[in-house]
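For clarity, every value in this text was computed on a predicted model and none was experimentally measured. We count residues from 1, following the sequence as given.
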Amino acid sequence: MKRLRILHITPWFPNTDNPIEGVFIAKQLVELQSHCYNEVLHITLNSTNKMENGGNYEGLTVTRKQINPIVDRWIIKEKLASKYIHKYLKKRENDFDFVNFYIAYPNAVSLKKFQQQFPKLTFTISEQWSAYYEAFNLPPHHKGRKRIENIFKQQAPLFTVSSALAEDIKKFAGLEKIEFKLIPNIVNPNDFYYKEKPDSTIFTFSSINNWSSLKNPFVLIEAFKLLLETDKKNRLLLCGSGQLSDEIKDTIKKEGLEDHIIFKGRIPKEEVLSTLQNSHVYCQSSNYETFSAICIEALATGTPVIATKIGGMKDFVNEKNGLLIDQMTPEQWKNGMKKVKENYSSYQAETISKETIEKYNPEKVGTMFFDHFEKLVKNG
């Protein structure tokens, strides 16, 4: 079989102004590159970033296009993006076997037309965006919402980062069922790996996030406060920045928890690893997570995870490696933290790390992604 050629069209991809934008997408495509030829068409709409025109990203050829309409309306942005994509594919349709819309909206709004105009190409969708969970905050009969819904009614093969996201898309688009394949995010064993926990009389919980209301840090803080009422030998590390940083610091001070809760702010990548390795338990009290790469990274270090029973975390957190919390209340979270601490000896840290890395390592995920494309070719 000839080497497959895939064009990935995405609104998110690492660039000079924002080197971590869409880095989870880039990681998957870099690993896919070892199996087939891949190019990236990075289209940004109304961006203030001054990005390079194109070039190379870890072996991937990248073409970048900035679309900045005078009138700031999404329907205009959609049309301009569609016009550019049509022009690009008209020129290069013979260079590819697949066109993969990585993040469907807004670039795939004209998917039906593309399928008709370029019948030799197979169009696919890869999705990681959590916006479907809240229906893009659009009412049911909103015209913009209908345009997004229509993308998924064209029966293009769909890859999602979690089964929960697939269910969100199904509900959003009003489909009776939806066919999809899972392509999880990657954890690199060179970056996150097992190390024996240091001896300590203090039991350490940690949470590392970009602190927004979606991450819901205050239920975790309140739960930890309740835990301290009966057990003072605990510590909570909160790392990361975000819009709630000041409020988090104020809450810790107001509640008199400075001796037990340490807010460290943004930390470098190396310190993320050491924080996870030196924590007994990682906590993710989010209202929603499409996948939660930080939870996988915690598991890769052998650190059990306590997480809200929502979204992608339902795919990989279980009784062997942590605990899922059914209700978003401080009392439920306190009970969960207490339970995991009391049963901590039952968690086999080295096994947790090994099983996580086996399932989510770069080579495994890259091969999984390629296998799905290869099966599409074989099935015609």
Side-chain angles (χ1 to χ4, degrees), residues 20 130 134 192 197-289 292-299 301 303-311 313 317 322-344:
I20 64 170
S130 61
E134 295 180 334
F192 297 94
K197 306 289 183 187
D199 291 332
S200 175
T201 58
I202 303 297
F203 194 88
T204 301
F205 299 90
S206 65
S207 192
I208 306 171
N209 282 291
N210 179 20
W211 296 109
S212 66
S213 57
L214 191 66
K215 301 303 180 181
N216 202 352
F218 302 110
V219 71
L220 180 59
I221 293 172
E222 183 62 28
F224 185 74
K225 179 184 175 183
L226 293 174
L227 185 65
L228 288 175
E229 292 177 359
T230 56
D231 183 0
K232 298 292 185 183
K233 294 183 178 180
N234 294 296
R235 175 174 59 175
L236 175 61
L237 297 178
L238 299 177
C239 306
S241 59
Q243 64 190 49
L244 294 181
S245 294
D246 289 340
E247 191 175 349
I248 290 172
K249 288 185 280 188
D250 290 343
T251 300
I252 293 170
K253 185 176 181 179
K254 180 182 176 181
E255 297 292 342
L257 297 170
E258 298 102 315
D259 292 339
H260 296 279
I261 300 181
I262 301 171
F263 184 81
K264 302 189 73 171
R266 184 179 293 278
I267 57 177
K269 183 178 180 180
E270 297 77 16
E271 194 173 345
V272 173
L273 170 61
S274 62
T275 298
L276 295 174
Q277 289 176 330
N278 293 323
S279 298
H280 293 90
V281 177
Y282 181 81
C283 299
Q284 192 74 355
S285 57
S286 303
N287 293 326
Y288 187 78
E289 292 281 350
S292 188
I294 187 63
C295 286
I296 288 293
E297 291 163 354
L299 293 174
T301 68
T303 305
V305 167
I306 304 176
T308 318
K309 193 176 183 179
I310 44 84
M313 294 181 290
V317 178
L323 182 68
L324 290 171
I325 305 297
D326 289 311
Q327 297 178 25
M328 185 63 78
T329 66
E331 186 68 25
Q332 283 281 323
W333 266 89
K334 183 266 291 185
N335 291 340
M337 297 166 83
K338 182 174 183 287
K339 180 178 179 180
V340 170
K341 181 178 179 179
E342 289 176 346
N343 296 282
Y344 194 71

(message) Go through it in stages, so that I can follow the logic: the residues are Leu257 and Leu228, the test is side chain to side chain contact (heavy atoms under 4.5 Å, CB included), and I'd like the CA-CA distance, side-chain angles, deciding distance and then a yes or no.
(response) CA-CA 10 Å; Leu257 297 170; Leu228 288 175; 3.8 Å; yes
(message) Looking at Arg235, is its backbone amide N or carbonyl O close enough to the side chain of Thr204 to form a donor-acceptor pair, meaning the two atoms are under 3.5 Å apart?
(response) no
(message) Can you confirm whether Ile267 sits close enough to Thr275 that some side-chain heavy atom of one is under 4.5 Å from a side-chain heavy atom of the other?
(response) yes
(request) Quick one: closest heavy-atom pair of Ser130 and Tyr288, and the distance? (result) CB-CE2, 3.8 Å
(message) I need the Leu236 CG to Ile261 CD1 distance, nearest 0.5 Å.
(response) 5.0 Å
(request) With sequence neighbours left out, write down each residue that passes ring-ring contact (aromatic ring centres under 6.0 Å, His included) with Phe205, or none if nothing qualifies. (result) Phe203
(message) Please find the pair of heavy atoms, one from Thr201 and one from Lys233, that lie closest to each other, and give the distance.
(response) O-CB, 3.8 Å
(request) First locate atom CG of Leu214, then atom CG of Asn287, and finally report the distance between them rounded to the nearest 0.5 Å. (result) 5.5 Å
(message) Are Val219 and Thr329 packed together at the side-chain level, in the sense that at least one heavy-atom pair is separated by less than 4.5 angstrom?
(response) no
(request) Compare all side-chain heavy atoms of Leu244 with those of Pro217 and state whether any distance is below 4.5 angstrom. (result) yes
(request) If a pair satisfies side chain to side chain donor-acceptor pair (under 3.5 Å) and one of its residues is in residues 246-259, list it, with sequence neighbours excluded. (result) Lys225-Glu255
(message) Apply side chain to side chain contact (heavy atoms under 4.5 Å, CB included) to residues Ile221 and Ile248 and explain how you reach the verdict.
(response) CA-CA 9 Å; Ile221 293 172; Ile248 290 172; 4.1 Å; yes
(message) Would the distance check show the side chain of Ser200 and the main-chain N or O of Ile202 forming a donor-acceptor pair, the cut-off being under 3.5 Å?
(response) yes
(message) Once rounded to the nearest 0.5 Å, what's the spacing between atom CG of Asn209 and atom CG of Leu238?
(response) 9.0 Å
(request) Calculate, to the nearest 0.5 Å, the distance between atoms OH and CG belonging to Tyr282 and Leu299 respectively. (result) 10.5 Å
(message) Would you say that more than 12 heavy atoms from the other residues, nucleotides or ligands in this model lie under 6.0 Å from the NZ of Lys338, or not?
(response) no
(message) For the NZ atom of Lys309 and the CG atom of Asp326, what is their distance to the nearest 0.5 Å?
(response) 4.5 Å
(message) Is the shortest side-chain heavy-atom distance between Trp333 and Leu226 below 4.5 Å?
(response) no
(message) Any salt bridge linking Asp231 with Lys341? Criterion: basic side-chain nitrogen under 4.0 Å from a carboxylate oxygen.
(response) yes
(message) To the nearest 0.5 Å, what is the distance between CD on Gln332 and OG1 on Thr308?
(response) 11.0 Å
(message) If you apply the rule side chain to side chain contact (heavy atoms under 4.5 Å, CB included), what do you find for Val272 with Ile294, and how did you get there?
(response) CA-CA 9 Å; Val272 173; Ile294 187 63; 4.2 Å; yes
(message) Quick one about Lys197 and Thr303 (side-chain donor to acceptor, distance below 3.5 Å, no hydrogens or angles considered), yes or no?
(response) yes
(message) How close do Pro330 and Ala223 get, counting heavy atoms only, and between which atoms?
(response) O-CB, 3.3 Å
(request) State plainly whether the residues Lys334 and Glu331 are in salt-bridge range, i.e. N to O under 4.0 Å. (result) yes
(request) Give the minimum heavy-atom separation between Met328 and Ser285, together with the two atoms involved. (result) CE-O, 3.3 Å
(request) Over all heavy atoms of both residues, which pair between Leu276 and Ser206 is shortest? Give the atoms and the distance, please. (result) CD2-OG, 4.5 Å
(message) Within the 4.5 Å heavy-atom criterion, are Glu297 and Thr301 side-chain neighbours or not?
(response) no
(message) What I'd like to find out is whether the side chain of Leu220 reaches to under 4.5 Å of the side chain of Gln284, using heavy atoms alone.
(response) no
(request) Would you indicate whether Ile20, at its atom CD1, is surrounded by more than 12 heavy atoms from other residues, nucleotides or ligands within a distance under 6.0 Å? (result) no
(message) Test side chain to side chain contact (heavy atoms under 4.5 Å, CB included) on Phe263 and Ser245; report intermediate values, then the result.
(response) CA-CA 9 Å; Phe263 184 81; Ser245 294; 3.9 Å; yes
(message) Using side-chain heavy atoms (C-beta onward) and a distance below 4.5 Å, is Phe224 in contact with His260?
(response) yes
(request) Report yes or no: does Ser286 contribute a side-chain atom to a donor-acceptor pair with the main-chain N or O of Glu289 at less than 3.5 Å? (result) no
(message) Just to verify, what does Lys264 make a salt bridge (charged side-chain N to carboxylate O under 4.0 Å, His left out) with, not counting sequence neighbours?
(response) Glu271
